[in-house]
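All chains are named by letter (A, B, ...) in the order of the sequence lines, taking the proteins before the strands, and each is independently numbered beginning at 1.
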Amino acid sequence: MCPPMLGEIKQQIAQIVTREHSAEAAGELSFRPVPATATGDIAIPVFGVARKAGIDPKTLASSLAGHIRALPGVAEVLAAGPYVNLSFDRAVFARRFIADVAAGEATALKPSGSRVLIEHTSINPNASPHVGRGRNAIIGDTIARLHRFLGHHTEVHYYVNDIGKQIALLVYACRGHEDLQFNDLLDQYVAISQQAKDDPAVEQIAFDLLNQFEQGDAAVRDEFRRVVDLCVNGQVSILGRLGITYDIFDRESNFLDDPRLQPVIEKLIDQGALITDEHGRQVIDLLQLGFTREEGRYVVLSRANGTSMYVARDLAYTIHKSEISAAANLSVLGEDHRLYQEQLDLILRWCGFATPDVIYYSFVLLKQGKMSTRQGNVVLLSDFIDLARDNAAARIRDANPGLSDDEIRELADTVAAGAVRYGILSVSPTKNVIFDLEESLRFEGNTGPYLQYSCTRIASILAKHGGAVPAVPASVPELNASEWALIMAMTRLQDEVRTAASSRNPSSLCAYGFELARAFNRFYHDSDVLDAPAAERAMRLNICAATGTVLSACLDVLGMQVPRRM
RNA sequence: GCGCGUGUAGCUCAGUGGAUAGAGCACCCGCCUCCUAAGCGGGGGGUCGCAGGUUCAACUCCUGCCACGCGCACCA
């Protein structure tokens with residue numbers, strides 16, 4: 001739940017409602033921030049409770065306020081119409097919260113024992129990824145981090161599409177270029193795709209290669225493997241610059257002729273849903289499984305030439321994932337996969353298998369329109385990171401004249417990664433985004449570097465202080481508005497992570513991180529730390545240390561690192 | 001055509017049925033002899049795509065329309 005102090009008070013309020021009304025009424029309790037027009041630290045709208053209790057909301061609010069007033073740690077309670085607004089005893093609350101943070105109670109949760117499986121990225125191994133592909137990886141990696149924060153054992157899978165027509169074409173294109181580097185592959189891929197479009201003979205070569213692969217030709221398999229590995233290693237190393245990592249790489253070719261597909265095929269045949277058409281293709285007719293539309297009714301399992309389609313392997317792979325997953329089975333897919341996934345889900349559910357919960361994300365568009373690899377109007381993720389790094393390096397050099405080039409480069413990498421991740425994460429996945437390079441390279445205001453900058457300010461104060469942070473004074477000095485607002489902001493981290501995880505949308509956590517950093521910067525502006533009188537100085541050093549802990553935990557969940565200096 | 005997604009300030013975006021819809025950027029005005037100005041404070045700027053409906057209460061839920069995006073059998 002929330003940090004202990006806050007959690008205890010909420011729990012006691014729930015007990016009061018249960019005692020005075022019913023457990024059912026207590027279930028309607030909710031807590032929200034108090035709007036700027038009212039005073040207090042937490043607001044309780046009582047509409048739901050009042051409905052269950054059969055009492056007028058205003059009457060309920062004032063009676064509830066009377067009971068809450070007696071709770072320890074609560075300083076003031078006001079019934080404002082149908083709302084109850086309460087204020088905490090700041091000194092008691094602050095002392096307790098700071099102790100909780102130091103004990104690790106306000107940041108990452110203890111192991112839950114649940115297991116979470118998430119598949120993300122899974123880009124075709126054909127070229128350097130553009131920023132749209134990066135969106136998948138960044139969202140997936142962050143959702144994995146959200147679950148790890150919540151204490152779940154989280155396993156990240158990357159499905160490597162190492163077989164298929166596109167890959168066969170690329171393998172063919174790479175023949176005779178044994179010294180090919182990762183960065184050359186994009187050009188090769190674009191060229192061969194065009195050739196295959198113009199010349200059926202080229203396409204036929206790809207199909208022949210596929211056939212040989214599926215028949216188990218060892219030399220062909222080695223050839224595919226070399227090209228695919230070159231690709232995947234290149235892609236993963238670019239994604240690694242953003243702190244993205246994977247636990248397991250599942251190769252699509254391992255799911256060729258998977259025996260687990262047999263029962264599915266048999267069930268489909270029994271249902272009359274699997275037909276072999278006049279061209280010799282194996283086609284599933286989803287209408288036989290309850291599908292209601294004409295569009296997307298048919299799913300082709302294998303080509304007339306006998307080679308299997310992606311969906312055949314994917315059915316087996318999805319069955320595999322459902323067998324090894326426990327509490328949650330997640331996957332991140334582009335919105336163009338929506339119908340495809342609906343088809344897959346229908347088939348598998350009809351056969352009694354669990355299907356993954358999918359997080360869809362929309363495409364990244366350019367001002368000029370869609371990104372298209374073939375037309376060359378793409379922004380490559382690696383180029384984008386490079387620009388962000390150069391931008392950051394220039395500013396770090398200005399602000400820190402004594403640093404070596406190596407140090408600057410390392411710091412700039414951290415800031416660039418933070419800027420890129422935050423820029424993508426702060427927008428809801430379902431939203432189409434228009435990528436504006438200039439806008440994305442901005443480091444002021446609501447951006448990743450703003451959050452990182454706040455951390456370096458904290459680190460700088462603690463470094464100048466030197467040594468251990470003193471104990472919280474026996475008599476806590478009165479807290480000013482920005483000190484208190486900062487402490488209240490800090491208490492929200494765990495709830496914010498939980499919300500982001502359950503909605504599968506990290507953007508709200510970005511907003512929280514920004515609010516927390518802003519609360520710190522207001523505190524920083526309003527209150528001297530090192531030059532303050534002893535008691536205030538001790539208190540503020542503790543507030544700084546706690547903010548450092550909470551804010552960096554938040555950044556960690558977002559996959560951002562804290563630079564030592566900026 | 002059918003299905004799914006998205007329309008909130010000039011621009012980019014938050015907003016989980018509840019109090020007067022919020023940020024950032026841009027624009028205007030202030031603040032560095034002071035712990036990092038990638039900062040802080042203030043100002044102007046909104047028929048929440050349009051029209052109905054449900055509700056004590058709708059940006060939020062429902063219906064219709066419009067605009068944009070994505071998809072609709074041998075790509076993955």
Side-chain angles (χ1 to χ4, degrees), chain A residues 30 32 34-38 43 45 47-48 51 57 80-83 85 122-124 126 161 164-167 193 207 252 277 279-285 292-305 307-311 313-314 334-340 342-343 360 362-363 365 370 392 395-396 399-400 415 419 423 426-428 430-434 436 439-440 442-447 449-454 456-465 499 502-503 505 507-508 510-511 514-515 518 521-522 524-532 540 544 565-566:
Chain A
S30 66
R32 55 182 56 247
V34 178
T37 46
F47 302 96
R51 198 183 313 115
Y83 296 87
N85 298 331
S122 306
I123 356 176
N124 281 341
N126 56 18
N161 308 127
K165 186 175 144 191
Q166 308 302 319
I167 305 311
S193 299
F207 283 135
E252 187 183 337
D277 72 4
H279 306 291
R281 300 178 296 182
Q282 286 200 298
V283 180
I284 300 172
D285 180 2
T292 52
R293 278 170 277 132
E294 192 58 31
E295 300 77 20
R297 167 181 175 180
Y298 297 106
V299 173
V300 178
L301 268 189
S302 65
R303 299 181 176 94
N305 66 18
T307 55
S308 63
M309 296 285 288
Y310 176 78
V311 67
R313 282 98 68 180
D314 204 16
E335 64 173 341
D336 53 335
H337 285 63
R338 283 188 124 109
L339 173 62
Y340 170 79
E342 191 190 343
Q343 296 169 327
Y360 293 102
S362 295
F363 288 166
L365 309 172
K370 297 173 207 174
R395 303 187 66 154
I396 292 167
N400 303 277
V415 173
S426 54
V427 179
S428 291
T430 51
K431 214 121 169 173
N432 268 130
V433 295
I434 296 164
D436 179 341
E439 175 83 3
S440 306
R442 200 172 47 75
F443 289 167
E444 286 93 24
N446 189 358
T447 63
Y450 174 86
L451 275 65
Q452 293 173 313
Y453 181 70
S454 309
T456 65
R457 280 184 146 179
I458 295 167
S460 176
I461 291 173
L462 295 176
K464 285 216 162 123
H465 162 70
T499 301
S502 62
S503 66
N505 181 353
S507 75
S508 58
C510 289
F514 178 62
E515 281 176 40
R518 192 163 51 166
N521 282 311
R522 283 177 176 153
Y524 179 93
H525 181 264
D526 291 349
S527 318
D528 278 329
V529 177
L530 299 176
D531 293 336
R540 289 173 187 164
C544 285
R565 311 172 70 170
M566 282 177 76

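Residues R303(A) and L530(A) each lie close to RNA chain B; by heavy-atom proximity, the contact nearer the 5' end of the strand is made by L530(A). Nearer to the 5' terminus of RNA chain B, by closest-nucleotide assignment, is the contact made by A43(A) (compared with the other of A43(A) and I461(A)).
Counting to the nearest Å, the C1' atom of rC74(B) and the CD atom of Q166(A) are 13 Å from each other. In this structure, Y453(A) atom OH and rA38(B) atom C1' are separated by 6 Å, rounded to whole Å. E444(A) has its CD atom 19 Å from the P atom of rU36(B), to the nearest Å. Look at CZ on R442(A): it is 5 Å from C1' on rC25(B), rounded to the nearest Å. Counting to the nearest Å, the C1' atom of rA26(B) and the CG atom of N446(A) are 15 Å from each other. Look at CD on E342(A): it is 17 Å from P on rC2(B), rounded to the nearest Å. One can place NZ of K431(A) at 11 Å from C1' of rC48(B), the figure rounded to the nearest angstrom. Atom CG of L339(A) is separated from atom P of rC75(B) by 16 Å (rounded to the nearest Å).
Taking only side-chain atoms of P35(A), from C-beta outward, the nucleotide of rC35(B), rA19(B), rC75(B) with the closest atom is rA19(B). The listed nucleotides are rC35(B), rA19(B), rC4(B); the one nearest the side chain of K464(A) is rC35(B). Among the nucleotides rA76(B), rG39(B), rG24(B), the one closest to any side-chain atom of F514(A) is rG24(B). Closest to the R395(A) side chain, of the nucleotides rA38(B), rG5(B), rA23(B), is rA38(B). For D336(A), taking side-chain heavy atoms from C-beta onward, the closest of the listed nucleotides rC70(B), rG1(B), rA73(B) is rC70(B). Taking only side-chain atoms of E335(A), from C-beta outward, the nucleotide of rC56(B), rG69(B), rG3(B) with the closest atom is rG69(B). Side-chain proximity of K165(A) to the nucleotides rC74(B), rG24(B), rC75(B) is greatest for rC75(B). Comparing rG1(B), rA76(B), rC13(B) against the side chain of E295(A) picks out rG1(B) as the nearest. Candidate nucleotides rG39(B), rC35(B), rC75(B) were compared by shortest atom distance to the side chain of D528(A), and rC35(B) ranks first. In this structure, the nucleotide among rA73(B), rG24(B), rA19(B) sitting nearest to the side chain of A38(A) is rA19(B).
Side-chain atoms of N85(A) come within donor-acceptor range of the base of rA19(B), with a qualifying N/O pair under 3.5 Å.
Under a 3.5 Å cut-off, the side chain of N432(A) and the backbone N or O of F363(A) do form a donor-acceptor pair. Under the 3.5 Å distance criterion, the side-chain polar atoms of R313(A) are left unmatched by any main-chain donor or acceptor of N161(A). R395(A) contributes no side-chain N or O that, together with a main-chain N or O of M566(A), makes up a donor-acceptor pair within less than 3.5 Å. Under the 3.5 Å distance criterion, the side-chain polar atoms of S440(A) are matched with a main-chain donor or acceptor of D436(A). D277(A) contributes a side-chain N or O that, together with a main-chain N or O of R281(A), makes up a donor-acceptor pair within less than 3.5 Å.
In this structure, F443(A) reaches the bases: a heavy-atom distance under 4.0 Å links it to at least one base atom across the strands shown. Residue V311(A) is classed as having no contact, given no heavy-atom separation below 4.0 Å to the nucleic acid. Within 4.0 Å (heavy atoms only), R281(A) reaches at least one base atom of the nucleic acid. Y450(A) comes within contact range of the sugar-phosphate backbone alone, with a heavy-atom separation under 4.0 Å but no base atom that close. Counting any heavy atom pair closer than 4.0 Å across all strands shown, S527(A) reaches a base atom. Contact annotation for I434(A): backbone-only contact, meaning every heavy-atom pair under 4.0 Å involves sugar-phosphate atoms and none involves a base. Within the 4.0 angstrom heavy-atom criterion, base atoms lie near V529(A). When heavy atoms are screened at a 4.0 angstrom cut-off, I396(A) is found touching base atoms of the nucleic acid. Among the protein residues, Q452(A) comes within range of no part of the nucleic acid, since none of its heavy atoms lies under 4.0 Å from any strand. When heavy atoms are screened at a 4.0 angstrom cut-off, A36(A) is found touching no nucleic acid atom at all. Using a 4.0 Å heavy-atom cutoff across all strands shown, R565(A) reaches at least one base atom of the nucleic acid. No engagement by A399(A) is indicated, since no non-hydrogen atom pair under 4.0 Å with the nucleic acid exists. Among the heavy atoms of the strands lying under 4.0 Å from M566(A) is at least one base atom, whether or not backbone atoms are also near. Looking at heavy-atom distances under 4.0 Å, S454(A) makes no contact with the nucleic acid at all.
Rounded to a whole angstrom, the distance from the P atom of rC2(B) to that of rU55(B) is 31 Å. Spacing between rU8(B) and rG22(B) at atom C1', rounded to whole Å, works out to 10 Å. rC56(B) and rG42(B) have their P atoms separated by 39 Å, with the value rounded to a whole Å. Nucleotides rG43(B) and rC62(B), compared at atom P, are 38 Å apart to the nearest Å. Distance check on atom C1': rC72(B) versus rG64(B) gives 24 Å, rounded to whole Å. Between rG24(B) and rA9(B), the two C1' atoms lie 12 Å apart (nearest whole Å). For the C1' atom pair drawn from rU47(B) and rG5(B), the interatomic distance equals 26 Å after rounding to whole Å. Rounded to whole Å, the C1' atom of rA14(B) lies 11 Å from the corresponding atom of rA21(B).
One finds no side-chain N or O of R540(A) lying less than 4.0 angstrom from the OP1 or OP2 phosphate oxygen of rC35(B). For rU36(B), one of the phosphate oxygens OP1 or OP2 lies less than 4.0 angstrom from a side-chain nitrogen or oxygen of S460(A). Between R518(A) and the phosphate of rG24(B), there is a side-chain N or O to OP1/OP2 separation shorter than 4.0 Å. For the OP1/OP2 pair of rA37(B) and a distance below 4.0 Å, the side-chain nitrogens and oxygens of Y524(A) include at least one atom meeting the criterion. An OP1 or OP2 oxygen of rA19(B) is reached within less than 4.0 angstrom by no side-chain nitrogen or oxygen of R32(A).
In this structure, CD in Q282(A) is found 10.5 Å from OG in S308(A), a value given to the nearest 0.5 Å. For the atom pair R565(A) CZ and N400(A) CG, the distance stands at 4.5 Å (nearest 0.5 Å). Remark: D314(A) CG to Y340(A) OH distance equals 3.5 Å, nearest 0.5 Å.
Taking a cutoff of 4.0 Å between a charged side-chain nitrogen and a carboxylate oxygen, E439(A) and R442(A) qualify as a salt bridge.
Base pairing analysis places rC31(B) opposite rG39(B); the two distances defining the Watson-Crick or G-U wobble pair are each below 3.5 Å. Partner assigned to rC68(B) is rG5(B), using Watson-Crick or G-U wobble distances below 3.5 angstrom. When Watson-Crick and G-U wobble pairs are counted only if both distances are under 3.5 Å, rA57(B) pairs with no nucleotide at all.
Side-chain atoms of S503(A) and N505(A) form no donor-acceptor pair, as typed in the model, at a separation below 3.5 Å.
Taking the syn range as angles within 90° of 0, the glycosidic angle of rC27(B) is outside it, so the base is anti.
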